[in-house]
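So the structure is just underneath, and the comments pick up after that.
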Amino acid sequence: MTELTEADRAHAVRRAQRHAAAAALLREPPPLDARPGHRILAARGDVVHASRSRPVVRWDLDLATPDGKRARLSVIGKAFVAGGGERAWWLLRELRSAGFDDRHLQVPEPLGFDPARQLLAQEEAPAGTLYERLRRDPSHALPAVGRVAGWLARLHAVPDFGLGVLPATFESDKLAEYAAALGGELPEHARRIDALTATTVRRLGEAADVARVVTHGDFQPKNIHLDDERVVVIDFDRASLAPAARDLGHFVGQSLTMAASVHGHLDAAGSWARTFLRAYVSAGGDYRAAEATPGYVARTFAEVLYYRLVVRPVGTHAFVADWLDAWERHLEGGGALS
């Protein structure tokens with residue numbers, strides 16, 4: 001039997017501490033401010049994700065409704081350890097009021113907010129995610145990709161309801177952070193990474209005068225839940241007023257790199273980009289935003305490389321050359337719909 005190292009033991013202790021902190025959220029039932037008159041008869045809960053900053057738990061509730069009937073409700077609880085839960089509660093309510101409560105395109109119903117626990121309670125989304133379809137067979141998921149594009153086109157048409165504007169230097173600051181860290185991790189590619197970063201900043205700057213819209217900020221397959229009828233998008237922690245192309249490029253870049261990580265090559269989800277962008281425009285999305293997508297795809301390649309090599313290292317650099325080539329191709333290409 002292999003003996004645990006000191007680092008392994010320390011990691012196990014931290015993991016246990018995170019799980020215990022998340023489990024503590026389950027000692028009290030979730031808040032149900034949006035369901036007045038409902039009484040909780042029984043609650044069974046478990047930890048979904050033990051995180052230091054955003055632990056997630058789940059309850060299965062047996063309820064007594066105001067008319068005396070019984071009902072069941074599955075509730076997700078997300079704690080905002082460093083704050084921000086009240087903003088998330090407000091944001092979901094605003095989006096539901098703006099139309100994301102219909103039969104097909106939704107955000108989870110916000111059920112309540114407990115300021116003492118900084119706990120947002122929300123309706124559980126459909127179990128299946130777009131990421132799971134990406135893992136199975138990207139080519140068979142194209143109809144779902146089209147539905148998801150329609151969801152995003154609707155979001156970008158929502159009138160501003162008081163979101164903050166993404167700071168003007170946000171992208172250049174982040175890209176500088178990524179380039180410095182990647183150059184240290186990949187000294188043999190440092191000059192190329194610096195050049196790609198400079199070109200990416202320039203491409204994003206060229207689109208700096210476009211109108212800002214309500215954006216999700218982390219629009220990617222793991223945050224998109226769906227079944228045969230509904231598309232339900234979660235996790236609006238990075239929502240802001242920003243160029244629409246930012247969401248488009250993030251989705252395309254994340255889809256390409258996630259598929260490559262599973263299937264071994266960047267072409268695995270190659271058909272997603274054109275399907276997604278065309279469906280976005282067909283659903284009323286801005287054609288100019290779709291055309292400006294490649295610069296934001298390039299920006300997403302930089303971000304994903306940073307997380308895979310620096311933040312949570314995957315232990316190999318074998319894919320790096322191909323991904324740098326793809327980063328460059330997106331910068332050199334013309335409009336995304338050309």
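- In the hydrophobic cluster analysis, where Ile, Leu, Val, Met, Phe, Trp and Tyr join through side-chain heavy atoms closer than 4.5 angstrom, V297 is grouped together with L331.
- One distance of note links CG of L266 with CG of D325; it measures 9.5 Å at 0.5 Å rounding.
- Shown here for A144 and R133, the closest heavy-atom pair between the two residues is CB-NH1, 3.6 Å.
- Residues forming a salt bridge (charged side-chain N to carboxylate O under 4.0 Å, His left out) with D267 (at least two apart in sequence, or on another chain): none.
- Put simply, F100 and I76 are part of two different groups of oily side chains (I, L, V, M, F, W, Y) that touch within less than 4.5 Å, one to the next.
- The 12-atom threshold is not exceeded at CZ of R288, counting heavy atoms of other residues, nucleotides or ligands nearer than 6.0 Å.
- Distance check: R238 CZ to R246 CZ gives 8.0 Å after rounding to the nearest 0.5 Å.
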Under 3.5 Å, sequence neighbours excluded: what are the donor-acceptor pairs made by side chains of residues 146-168?
from: R147; atom 1: NH1; to: D227; atom 2: O; distance (Å): 3.2
from: R147; atom 1: NH2; to: D227; atom 2: O; distance (Å): 2.7
from: R147; atom 1: NH2; to: R230; atom 2: O; distance (Å): 3.2
from: W151; atom 1: NE1; to: Q106; atom 2: O; distance (Å): 3.0
from: R154; atom 1: NH1; to: G99; atom 2: O; distance (Å): 3.1
from: R154; atom 1: NH1; to: D102; atom 2: OD2; distance (Å): 2.7
from: R154; atom 1: NH2; to: D102; atom 2: OD2; distance (Å): 3.2
from: H156; atom 1: ND1; to: Y280; atom 2: OH; distance (Å): 2.7
from: H156; atom 1: NE2; to: D247; atom 2: OD2; distance (Å): 2.9
from: D160; atom 1: OD1; to: G162; atom 2: N; distance (Å): 2.8
from: D160; atom 1: OD1; to: L163; atom 2: N; distance (Å): 3.2

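- V231 and V281 fall within the same hydrophobic cluster, defined by Ile, Leu, Val, Met, Phe, Trp and Tyr side-chain heavy atoms under 4.5 Å apart, directly or through other members.
- Closest of all the heavy-atom pairs between P126 and V232 is CD-CG2, 3.5 Å.
- Counting only distance, with no hydrogens or angles, the side chain of H104 and the backbone of E229 share a donor-acceptor pair below 3.5 Å.
- A distance of 12.5 Å separates CG of L95 from CG of L105, quoted to the nearest 0.5 Å.
- Pairs passing the ring-ring contact (aromatic ring centres under 6.0 Å, His included) check and including a residue from residues 228-247, sequence neighbours excluded, read H216-F236.
- The list of ring-ring contact (aromatic ring centres under 6.0 Å, His included) pairs with a residue in residues 167-198, not counting sequence neighbours, reads Y178-Y306.
- Looking at R299 and T200, their side chains come closer than 4.5 Å, going by heavy atoms from C-beta outward.
- Checking side-chain atoms of T293 against main-chain N and O of G249 turns up no donor-acceptor pair under 3.5 Å.
- The ring-ring contact (aromatic ring centres under 6.0 Å, His included) pairs that include a residue from residues 26-65 number zero, where partners must be two or more places apart or lie in different chains.
- In this structure the side chain of L277 never reaches within 4.5 angstrom of the side chain of F251, judged on heavy atoms.
- Here the straight-line distance linking atom CD of E109 with atom CG of L73 works out to 8.0 Å at 0.5 Å rounding.
- Counting all heavy atoms, side chain and backbone alike, S240 lies closest to T215 at O-OG1, 2.7 Å.
- Taking 4.0 Å as the cut-off between side-chain N and carboxylate O, R329 and E332 do not count as a salt-bridged pair.
- Residues L309 and V320 form a side-chain contact, since some pair of their non-hydrogen atoms from C-beta on lies under 4.5 Å apart.
- Exactly one residue among F219, W272, F276, Y296 makes a side-chain contact (heavy atoms from CB on, under 4.5 Å) with V252. That residue is F276.
- Atom CG of L196 and atom CD of E328 lie 5.5 Å apart (nearest 0.5 Å).
- Residues meeting the side chain to side chain contact (heavy atoms under 4.5 Å, CB included) test with R72, sequence neighbours left out: R44, D60, D62.
- No side-chain heavy atom of L182 sits under 4.5 Å from any side-chain heavy atom of T197.
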Donor-acceptor contacts, no H, no angles, side chain residues 19-34, under 3.5 Å, sequence neighbours left out:
from: D33; atom 1: OD2; to: F113; atom 2: N; distance (Å): 3.3

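- Cluster annotation: Y131 is connected to I224 through the hydrophobic network of ILVMFWY side chains, with a link wherever side-chain heavy atoms come within less than 4.5 Å.
- Listed by chain and number, the residues in a side chain to side chain contact (heavy atoms under 4.5 Å, CB included) with S261 are R308, W323 (sequence neighbours excluded).
- Listed by chain and number, the residues in a side-chain hydrogen bond (donor to acceptor under 3.5 Å, both in side chains) with R117 are D114 (sequence neighbours excluded).
- Pairing each heavy atom of R93 with each of P110, the nearest pair is CG-CG, 3.5 Å.
- At a threshold of 4.5 Å between non-hydrogen side-chain atoms, the residues E86 and P115 do not count as touching.
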message: If you apply the rule side chain to side chain contact (heavy atoms under 4.5 Å, CB included), what do you find for L256 with T300, and how did you get there?
response: CA-CA 10 Å; L256 293 174; T300 302; over 6 Å; no
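- Side chains of H330 and R203 form no contact here, defined as non-hydrogen atoms less than 4.5 Å apart.
- Taking 4.5 Å as the limit, every side-chain heavy atom of E124 sits out of range of all side-chain heavy atoms of H225.
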| said: If you apply the rule salt bridge (Lys or Arg N to Asp or Glu O under 4.0 Å), what do you find for R135 with E132, and how did you get there? | reply: CA-CA 5 Å; R135 286 183 60 88; E132 291 165 1; over 6 Å; no
List the atom pairs, with distances to 0.1 Å, where a side-chain N or O of residues 77-84 and a protein N or O form a donor-acceptor pair under 3.5 Å, not counting sequence neighbours.
from: K78; atom 1: NZ; to: D235; atom 2: OD1; distance (Å): 2.8
from: K78; atom 1: NZ; to: D237; atom 2: OD2; distance (Å): 2.9

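- With sequence neighbours excluded, the residues satisfying side chain to side chain contact (heavy atoms under 4.5 Å, CB included) with V13 are Q17.
- Between I40 and L63 there is a side-chain heavy-atom pair separated by less than 4.5 Å.
- When the side chain to side chain contact (heavy atoms under 4.5 Å, CB included) test is applied to D46, the partners found at least two apart in sequence or on another chain are V48, R58.
- Scanning both residues, T169 and S172, for their nearest heavy atoms gives O-OG, 3.1 Å.
- A donor-acceptor pair under 3.5 Å is formed between the side chain of H263 and the backbone N or O of L134.
- Here the CZ-CG distance, from R274 to L142, works out to 12.5 Å after rounding to the nearest 0.5 Å.
- For the pair Q122 and P108, the tightest heavy-atom approach, listed with the atom from each and the gap, is NE2-CG, 3.8 Å.
- In this structure, K174 does not pair ionically with E303, as no charged nitrogen and carboxylate oxygen lie closer than 4.0 Å.
- Of the possible donor and acceptor atoms, none in the side chain of R35 sits under 3.5 Å from a partner among the backbone N and O of L111.
- Under the 4.5 Å side-chain heavy-atom criterion for grouping Ile, Leu, Val, Met, Phe, Trp and Tyr, L41 is not connected to V75 through any hydrophobic cluster.
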